[in-house]
Amino acid sequence: MGKQQPVIRFYSGEDIPLELHKARIVQKLNLVPIERRLEALYEGGFNTFRLNTRDIFLDMLTDSGTNAMSDMQLAAMMHADDAYAGSQSFYRFQKAVEDVLKKKYVLPAHQGRAAENILAKAYIRKKGDLIPMNYHFTTALAHITQYGGRIVELLYDEAFRIDSSHPFKGNLHVEKLEQVIRETGVENIPFIRMEASTNLIGGQPFSIQNMREVRKVADAYGLRIVLDASLLGENAYLILQREPEFAGSTMGEVIEIMTGLADIVYFSARKLSSSRGGAICTNNHDIYLELEALVPLFEGFLTYGGISVREIEAMAVGLYETLDETMIRQSPDFIRYLVNSLMAKGVPMVTPPGVLGAHVNAMQLCEHIPQTQYPAGSLGAAFFLISGVRGMERGSISNQRDEEGNETYADMELLRLAVPRRVFTLSQIKYVEDRLVWLNENRRLIGGLKFIYEPPVLRFFMGGLAPVSDWPEKLMAKFRKDFGDSL
Ligand code: F0G
């Protein structure tokens with residue numbers, strides 16, 4: 001483990017991602033007829049979060065809690081130590097955090113946003129406190145604003161160029177960071193947040209060179225860096241692929257450098273290492289003490305943090321497995337394959353291929369739908385209708401309203417098709433490609449959506465929408481015409 005793996009090439013020269021695992025437990029899937037899928041959309045308010053998996057064929061909503069677990073993780077879960085306090089499972093997890101993330105202190109939390117809640121509660125001391133970051137994640141932003149804080153997003157222009165070839169679109173704009181710090185004053189900046197594999201711009205990594213520069217600025221002004229490490233392994237893998245200095249390095253070496261540049265590392269273990277849980281890690285005893293009291297208040301005792309001890313065992317083993325490049329690379333390699341195949345057939349995608357999922361550029365594919373009618377949400381609903389594949393809207397529906405209650409339109413309108421680790425087969429990926437190519441050719445039939453029920457916080461989860469016309473029925477009729485009696 002930890003050693004970089006040799007390349008496996010096909011004689012044909014094709015770029016086919018080869019799995020280095022086999023399936024030993026499987027789950028049966030159903031593909032229901034398009035007529036049922038249309039009903040399901042009306043029942044779920046045209047919001048893919050509200051669909052029932054009974055109606056879903058391939059669930060590409062997220063990788064969160066849906067990555068495949070390994071045999072070693074399941075085995076570890078069997079020797080969990082049930083104890084309210086002082087559980088051996090926690091000490092094994094603590095050792096894994098120290099071995100892999102190189103942090104001595106760890107505070108468990110029930111998932112990533114629970115860690116965000118604790119950090120926001122502890123460090124946002126007054127209204128208007130500003131958190132500079134490469135880009136927000138929905139839950140991080142919601143917690144920061146909940147406690148009166150604000151954010152400023154500091155990406156380079158290249159990050160917003162959808163069809164870019166820039167290897168590190170998640171880089172934090174260092175010059176702008178210094179300017180923001182000078183204008184705002186260090187006393188109003190609780191910390192700088194860097195998100196590994198910047199989720200909402202298409203799972204795009206930052207480079208170690210960039211993080212080193214951010215560290216220099218942070219040190220010059222005495223500021224702390226908080227690293228959102230939920231997608232740490234994938235960011236590290238892309239550093240191995242794309243940053244020449246690390247071409248021959250191991251996952252472990254790159255991860256150690258990344259976490260070493262941050263004062264606080266937090267993560268959603270639903271993504272990083274397992275299927276449940278989260279944690280906040282640091283080497284700084286003062287930071288540990290600042291946060292310690294909040295864990296029993298919001299989560300649970302310090303050695304279980306609201307997570308079952310079985311899940312803590314799985315988190316520990318999962319952390320060690322993050323050092324195995326063959327495990328981490330499966331999802332980004334499938335994504336690269338899918339993105340490249342779709343691009344070759346004219347489907348507009350975010351490039352370069354990132355991590356977590358393939359991201360369709362709905363602003364372009366649905367250019368006839370104004371942002372006021374949510375092109376990414378419309379595309380997500382249309383794609384589910386014609387394929388049974390559930391993706392996630394990552395556009396204006398996922399944005400929150402500003403303080404005055406006005407709509408804020410997203411920089412990008414994306415449909416994310418998540419590729420959870422070691423879950424799908426290549427023929428299923430080919431099916432996604434096939435249906436998306438058809439939908440692109442029939443894109444003019446996709447229409448807009450409007451809110452009919454809008455919750456005040458994180459509206460994208462439970463919000464209800466309706467089509468602005470009878471476009472779903474027309475799209476279904478065209479599907480029947482072209483596919484006959486096919487599901
Ligand atoms: N940070 C990042 C970068 C994330 O992607 C997520 C979750 C969180 C924090 C919050 O973690 O869900 O355990 O509370 N992302 C999921 C997704 C929900 O589908 O992208 P959580």
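For ligands, and for the atoms within them, numbers begin at 1 and follow the listed sequence. The structure displayed is predicted, hence computed values, not measured ones.
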Asker: Using the six-membered ring of Phe460, assess whether NZ or CZ of Arg394 lies under 6.0 Å from its centre and within 45 degrees of the ring axis.
Answerer: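 Yes, a cation-pi geometry.
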Asker: Give yes if a backbone or side-chain nitrogen or oxygen of Glu195 is under 3.5 Å from a nitrogen or oxygen of ligand 1, and no if not.
Answerer: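 No, since none of the N or O atoms of Glu195 sits under 3.5 Å from an N or O of ligand 1.
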Asker: Quick one: look at Arg270 and ligand 1, take heavy-atom pairs under 4.0 Å, and tell me if it's side chain, backbone, both or neither.
Answerer: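 Near ligand 1, Arg270 shows its side chain, while the N, CA, C and O stay back.
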Asker: Could you tell me which atoms of ligand 1, counted from 1 in the order shown, lie closer than 4.0 angstrom to a heavy atom of Met392?
Answerer: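 Answer for ligand 1: 19 (O).
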Asker: Distance to 0.1 Å, residue and atom name: give those for the protein heavy atom nearest to atom 10 (C) of ligand 1.
Answerer: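 Looking at atom 10 (C) of ligand 1, the protein heavy atom closest to it is Thr139 OG1, 3.5 Å.
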Asker: Without swapping roles, check the side chain of His166 against the backbone of Phe168 for a donor-acceptor pair under 3.5 Å.
Answerer: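 Yes.
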Asker: Among protein heavy atoms, which lies nearest atom 2 (C) of ligand 1, and at what distance?
Answerer: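 Nearest protein contact, heavy atoms only, for atom 2 (C) of ligand 1 is Asp228 OD2, 3.4 Å.
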Asker: Tell me, which protein residue and heavy-atom name are nearest atom 6 (C) of ligand 1, and how many Å apart are they?
Answerer: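 Result for atom 6 (C) of ligand 1: Phe137 CE2, 3.3 Å.
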Asker: Could you list the atoms of ligand 1 found under 4.0 angstrom from a heavy atom of Ser230?
Answerer: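 It comes down to these atoms of ligand 1: 1 (N), 2 (C), 9 (C).
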Asker: In terms of side-chain heavy atoms, does Asn283 have a donor or acceptor partner in Tyr105 at a distance below 3.5 Å?
Answerer: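 No, no side-chain donor-acceptor contact under 3.5 Å.
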Asker: For Leu356, is at least one N or O under 3.5 Å away from an N or O on ligand 1?
Answerer: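 No, since none of the N or O atoms of Leu356 sits under 3.5 Å from an N or O of ligand 1.
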Asker: Could you tell me whether some N/O pair between Arg193 and ligand 1 is separated by less than 3.5 angstrom?
Answerer: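 Checking ligand 1 against Arg193, no N or O pair falls under 3.5 Å apart.
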Asker: What protein heavy atom sits nearest atom 5 (O) of ligand 1, and how far off is it?
Answerer: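 Of every protein heavy atom, Asn199 ND2, 2.8 Å lies nearest to atom 5 (O) of ligand 1.
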Asker: Should one rank Glu116, Arg113, Lys271 by closest heavy-atom distance to atom 9 (C) of ligand 1, which comes out on top?
Answerer: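 Answer by nearest heavy atom: Glu116.
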Asker: Short question: side chain of Lys121, backbone of His143 - any donor-acceptor pair under 3.5 Å?
Answerer: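 Looks like no, no N/O pair under 3.5 Å.
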Asker: Using a 4.0 Å cut-off to any heavy atom of Thr62, which atoms of ligand 1 qualify?
Answerer: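 This gives 17 (C), 19 (O) as the contact atoms.
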Asker: Of all the non-hydrogen atoms in the protein, which one sits nearest to atom 13 (O) of ligand 1, and at what distance?
Answerer: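 Looking at atom 13 (O) of ligand 1, the protein heavy atom closest to it is Ser268 OG, 2.6 Å.
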Asker: Say you draw a straight line from OH of Tyr409 to CD1 of Ile397; how long is it, rounded to the nearest 0.5 Å?
Answerer: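 Reported to 0.5 Å precision, the distance equals 10.5 Å.
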Asker: Within the distance-only criterion (no hydrogens, no angle test), does the side chain of Asn440 pair as donor or acceptor with the backbone N or O of Leu436 below 3.5 angstrom?
Answerer: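 The answer is no, because no donor-acceptor pair under 3.5 Å joins these two groups.
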Asker: What do you reckon, does Leu231 put a non-hydrogen atom under 4.0 Å from ligand 1?
Answerer: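 False for this residue.
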Asker: On the 0 to 90° scale, with breaks at 30° and 60°, tag the Phe301-Tyr84 ring pair as parallel, tilted or perpendicular.
Answerer: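 Ring orientation, 0 to 90° scale: tilted.
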Asker: Looking only at distances, please establish whether an N/O atom of ligand 1 is found under 3.5 Å from an N/O atom of Asp63.
Answerer: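 Among all N and O atoms of Asp63, none is under 3.5 Å from an N or O of ligand 1.
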Asker: Please round to the nearest 0.5 Å and tell me the distance separating atom CD of Glu403 and atom OG1 of Thr408.
Answerer: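 Rounded to the nearest 0.5 Å, the CD-OG1 separation comes to 12.0 Å.
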Asker: So is Arg416 polar-close to ligand 1, meaning N/O to N/O under 3.5 Å?
Answerer: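 Right, the criterion is met.
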Asker: Considering the options Asp59, Thr62, Thr48, which one meets the side-chain hydrogen bond (donor to acceptor under 3.5 Å, both in side chains) requirement together with Arg390?
Answerer: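 So the option named by the test is Asp59.
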Asker: Output yes when Lys271 and Asp228 qualify as a salt bridge under the 4.0 Å nitrogen-oxygen rule, no when they do not.
Answerer: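 Looking at Lys271 and Asp228, the cut-off is not met.
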